[in-house]
Protein chains: 2
Amino acid sequence: MAGQVQRQTGVALWRQIADRIRQAISAGAYDETGMVPPETLLAQQFGVNRHTVRSAIAALAQEGIVRAVQGRGTLIERKERLNFPITRRTRFTAGIGEQARAMRGLLLSHSEERADEEVARWLKLRAGAPVIRMETVRKADDRPVSCATAWFPAERFAGLPAVYEKTESITRAFADLGLSDYVRATTEITAAHADAADLAALELTPGAIVLITKAVNTDLEGVPVQYAITRFSADRVQFTIEN
Amino acid sequence: MAGQVQRQTGVALWRQIADRIRQAISAGAYDETGMVPPETLLAQQFGVNRHTVRSAIAALAQEGIVRAVQGRGTLIERKERLNFPITRRTRFTAGIGEQARAMRGLLLSHSEERADEEVARWLKLRAGAPVIRMETVRKADDRPVSCATAWFPAERFAGLPAVYEKTESITRAFADLGLSDYVRATTEITAAHADAADLAALELTPGAIVLITKAVNTDLEGVPVQYAITRFSADRVQFTIEN
DNA sequence: TATTATTTGTCCGTATGTATA
DNA sequence: ATATACATACGGACAAATAAT
């Protein structure tokens with residue numbers, strides 16, 4: 001774990017160190033022992049005081065990632081970074097399914113509104129056309145991995161929110177409404193610091209990073225059926241693209 | 001720009017505010033006036049003292065994103081985000097080419113070494129096989145957009161660093177060495193805070209976010225020819241995947 | 001069983017950075 | 001520019017729990 005931490009940057013040392021240790025755990029750096037190196041060693045490696053390392057470990061313990069035991073060391077409790085494949089047949093629930101026991105999609109809120117210019121462009125509707133907007137959070141084993149704002153053509157998918165609430169999956173909700181198959185047309189990926197809404201929805205702490213996708217799904221004729229802006233906790237997921 | 005900043009989280013308020021303003025600029029929130037709202041208004045919106053907003057704006061000015069002018073306001077100097085398409089025929093220079101006038105790839109350093117387990121796995125070599133490692137930075141109009149560590153099978157691509165230094169492009173360097181075409185096999189995408197090496201190579205300020213790709217290119221027979229870990233400034237780049 | 005080394009937990013004090021007024 | 005409050009970071013000393021000898 002090379003590379004030093006930086007001082008006087010507006011990001012506390014303990015937070016930089018917590019981010020680095022979390023990353024190292026997720027990369028499998030400590031798989032042999034199942035433990036984080038001793039505080040004194042980490043302090044030496046990062047060039048900081050042991051107390052500063054302790055602050056970082058306390059933050060990771062708060063997240064449930066490690067558990068410090070007096071006299072033994074700091075045990076790794078959870079080591080997760082879900083892999084999310086982005087393909088023509090991208091499916092959230094099925095894509096994550098093998099990596100977690102329970103996948104759930106929860107509906108936070110929904111409304112019917114008129115498409116603004118951006119939504120209309122992606123869904124190939126005229127601006128002002130009626131659309132359904134849904135705010136959702138998806139959880140793997142009760143840990144939130146992403147939150148999304150999604151728009152759907154209102155006429156074609158009347159009643160979608162109620163069906164989604166029951167099925168907890170877009171794929172199954174589409175199937176219930178007569179759309180048996182759909183494909184991913186385009187995906188845009190960016191990254192940013194989590195905003196206040198992300199922090200609440202994803203149970204993150206300020207300074208956390210989110211991977212943001214803007215994606216369009218179409219039916220097999222190429223007609224857009226969904227436009228979604230999804231925000232993933234960067235600590236908990238990675239994307240793969242297979243060509 | 002709704003949502004409050006958070007205190008006592010290891011991330012200073014001025015940095016949270018700087019990140020939010022940078023994001024708003026990049027999203028086009030102030031395109032009408034070309035200016036950031038007055039400090040007093042921002043302070044009120046974020047619920048902080050005006051001095052704290054001034055610290056945030058000073059950081060953005062240091063990055064060259066805004067310029068504060070006494071008596072006028074805070075002018076937006078730069079507002080950019082390059083689009084980087086990820087396809088089976090991903091080409092850095094050609095992909096960015098239409099969005100910038102001059103694309104350059106600069107060789108920072110190179111060496112011949114033995115493949116560790118990770119590199120060997122991706123390149124489908126045995127561990128310990130000779131590989132060429134190159135550290136590069138790519139710039140669009142003299143602004144760095146990514147830095148990369150790339151590995152190549154040493155026997156097949158002897159002399160690659162010298163050719164790359166001359167051609168400033170992997171595609172052209174491959175062509176010079178007899179590989180006329182190649183394709184992108186897999187791409188993994190994650191995000192993290194920039195480390196010290198990123199800050200230097202990409203001319204970023206501490207706390208900045210990098211998008212990280214791990215990618216393998218193969219020849220047309222599916223034999224791996226390159227494994228690269230590339231780090232993009234998240235403020236300057238977005239990815240698109242077309243299926 | 002007792003001893004020792006290792007490792008985390010707690011306490012003191014001091015200096016600097018952050019944020020407000 | 002000054003004053004105040006709190007968070008961050010450091011340094012040292014010692015206590016408590018665990019594992020190995």
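Chain letters run A, B, ... following the sequence lines, proteins first, then strands; residues in each count from 1.
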### Query
Got a donor-acceptor pair under 3.5 Å from the side chain of A/Arg50 to the base of C/dG9?
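Checked by distance alone, the answer is yes.
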### Message
Suppose we call a contact any N or O donor and acceptor under 3.5 Å apart; does that hold for the side chain of A/His51 and the base of C/dG9?
### Response
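Under the 3.5 Å cut-off, the side chain and the base do not form any donor-acceptor pair.
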Starting from [atom2] on [N], measure out to [atom1] on [X] and report it in whole angstrom.
| X | N | atom1 | atom2 | result |
| --- | --- | --- | --- | --- |
| A/Trp14 | D/dC10 | CH2 | P | 14 Å |
| B/Ile17 | C/dA19 | CD1 | C1' | 10 Å |
| A/Ile76 | C/dT8 | CD1 | C1' | 16 Å |
| A/Gln70 | D/dC14 | CD | P | 17 Å |
| A/Leu75 | C/dT7 | CG | P | 13 Å |
| B/Phe46 | C/dT20 | CZ | P | 12 Å |
| B/Arg15 | C/dG17 | CZ | P | 16 Å |

### Task
Once you apply the 3.5 Å cut-off to both distances, tell me the Watson-Crick or G-U wobble partner of C/dA5, or none.
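Per the H-bond distance test, D/dT18.
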### Task
Please determine if a side-chain N or O atom of A/Arg54 lies less than 4.0 Å away from the OP1 or OP2 oxygen of C/dG9.
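So the side chain of A/Arg54 is within the cut-off, an N or O lying under 4.0 Å from OP1 or OP2 of C/dG9.
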### Query
Within less than 4.0 Å of OP1 or OP2 of D/dA9, is there a side-chain N or O belonging to A/Asn49?
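No.
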### Which residue lies more 5' along DNA chain D, comparing A/Arg72 with A/Thr52 via nearest heavy atoms
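Its nucleotide being nearer the 5' end, the pick is A/Thr52.
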### Query
Given that A/Gly71 and A/Leu13 both sit by DNA chain D, which one's nearest nucleotide is further toward the 5' end?
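Mapping each residue to its closest nucleotide by heavy atoms, the 5'-most match is A/Leu13.
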For the residue pair [X] and [Y], what are the closest heavy atoms and their distance?
| X | Y | value |
| --- | --- | --- |
| B/Glu112 | B/Pro130 | OE2-CB, 4.1 Å |
| B/Pro37 | B/Leu42 | O-CD1, 3.4 Å |
| A/Lys214 | A/Ile229 | CG-CG1, 4.1 Å |

### Query
How would you label the contact of A/Thr74 with the nucleic acid (heavy atoms, under 4.0 Å): base, sugar-phosphate, or nothing?
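Here A/Thr74 touches the backbone only, sparing every base.
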### Task
Count the heavy atoms of every other residue, nucleotide or ligand shown that sit under 6.0 Å from CZ of B/Arg54, and state whether that count exceeds 12.
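For B/Arg54, atom CZ is not crowded (no more than 12 foreign heavy atoms under 6.0 Å).
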### Query
Any Lys/Arg nitrogen of B/Lys139 or B/Asp142 sitting under 4.0 Å from an Asp/Glu carboxylate oxygen of the other?
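Salt bridge between B/Lys139 and B/Asp142, a charged N being under 4.0 Å from a carboxylate O: no.
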